[in-house]
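Computed from heavy atoms alone, side chains included, the values below leave out hydrogens, waters and symmetry copies. Keep in mind that this is a model prediction, so the values were computed, not measured. Just follow the structure's listing: the first ligand is 1, and inside any ligand the first atom is 1. All residue numbers in this chain count up from 1 along the given sequence.
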Amino acid sequence: MQLIETVAGVKYQVAAWKAAGLTIGLVPTMGSLHEGHESLMDAARAACDKVVVSVFVNPLQFGPDEDYDNYPRDIERDSAICEAHGVDVVFHPTPEEMYGPNYNTYVVMETLTDALCGASRPGHFRGVCTVVNKLFNIAQPDKAFFGQKDAQQLAIIKRMVADLNMNLQVVGCPIVREEDGLAKSSRNTYLSAEERQAALVLSRAIFAGEQAVRAGERNADALKRLMGDIIAAEPLARVDYIEVVDGATMQPVETLGSSVLTAMAVCIGSTRLIDNFIYEEGE
Ligand code: PAF
């Protein structure tokens, strides 16, 4: 496995693979890798000849009061995990390598980025779309793998790829959870023992919502109330949003229709966590 820090270095390797007719899978990450990322690497390994994992804490997608400086970084640990999963290249650029002097180009999406996390994190998806676009141009993947936990991000990237006629397939992979239900996230490491226990309220609410839908609930307000009441019972939790939206447009729905995303962001102490489930009609 190679650890490459320059754009030119990755492009050089990618050109050689392309010349040999090999397919490339890309797993974009910000490092602090966990089993969720590992499932993406395994999916990429199974589907493509070569696998590139990018490890880059992207300054563009953090707001001024967010955790960019404190975001966990450990490239040695991350590299070892990548190596164990058969990754061919870890791309680990510096911010200066990605955004050089006079950098001035950004990818901005319209309405899809306004709702949910986009509403509470202005500019976040501009940063995500810009860096993902750059990573696609650098690694030129045939397939790129993203987790369903960041459901809005996944929908936005699929939209961007379709809208801009990009030549790759975006693959969404299921949420990976701890045994007790908490969705895996790099930010779980911020939680104290007490907060870690309190954080279970997210998956409790998600599972209750899913169960209600399976039992026939189709009213979005009733679903939000059910989940909101569960979160409200946890003193350390503060709801940022609980929304029921169309899975493609991210616009709120009143009644669960063909493809619906129920998503939440909840702060446990100062740590903001997200979780969701998708309902597809006929499932
Ligand atoms: O999901 C993430 O870790 C990031 O948003 C991504 C896609 C790697 C872009 O920085």
Which of the numbered atoms in ligand 1 are below 4.0 angstrom from a heavy atom of [X]?
{"X": "V131", "value": "9 (C), 10 (O)"}
{"X": "T29", "value": "8 (C)"}
{"X": "Q153", "value": "1 (O), 2 (C), 4 (C), 5 (O), 7 (C)"}
{"X": "P28", "value": "8 (C)"}

Salt-bridged, [X] to [Y], with N to O below 4.0 Å?
{"X": "R45", "Y": "D88", "answer": "yes"}
{"X": "R187", "Y": "D67", "answer": "yes"}
{"X": "R272", "Y": "D240", "answer": "yes"}

Could you identify the single nearest non-hydrogen protein atom to atom 3 (O) of ligand 1 and state the distance to 0.1 Å? M30 CG, 3.6 Å
Could you identify the single nearest non-hydrogen protein atom to atom 9 (C) of ligand 1 and state the distance to 0.1 Å?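 Ranked first by proximity to atom 9 (C) of ligand 1 is Q61 OE1, 3.3 Å.
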Are R177 and F277 in a cation-pi contact, defined as NZ or CZ under 6.0 Å from the six-membered ring centre and within 45° of the axis? no
So among T113, L112, D114, V132, which one has a side chain to side chain contact (heavy atoms under 4.5 Å, CB included) with F125? T113
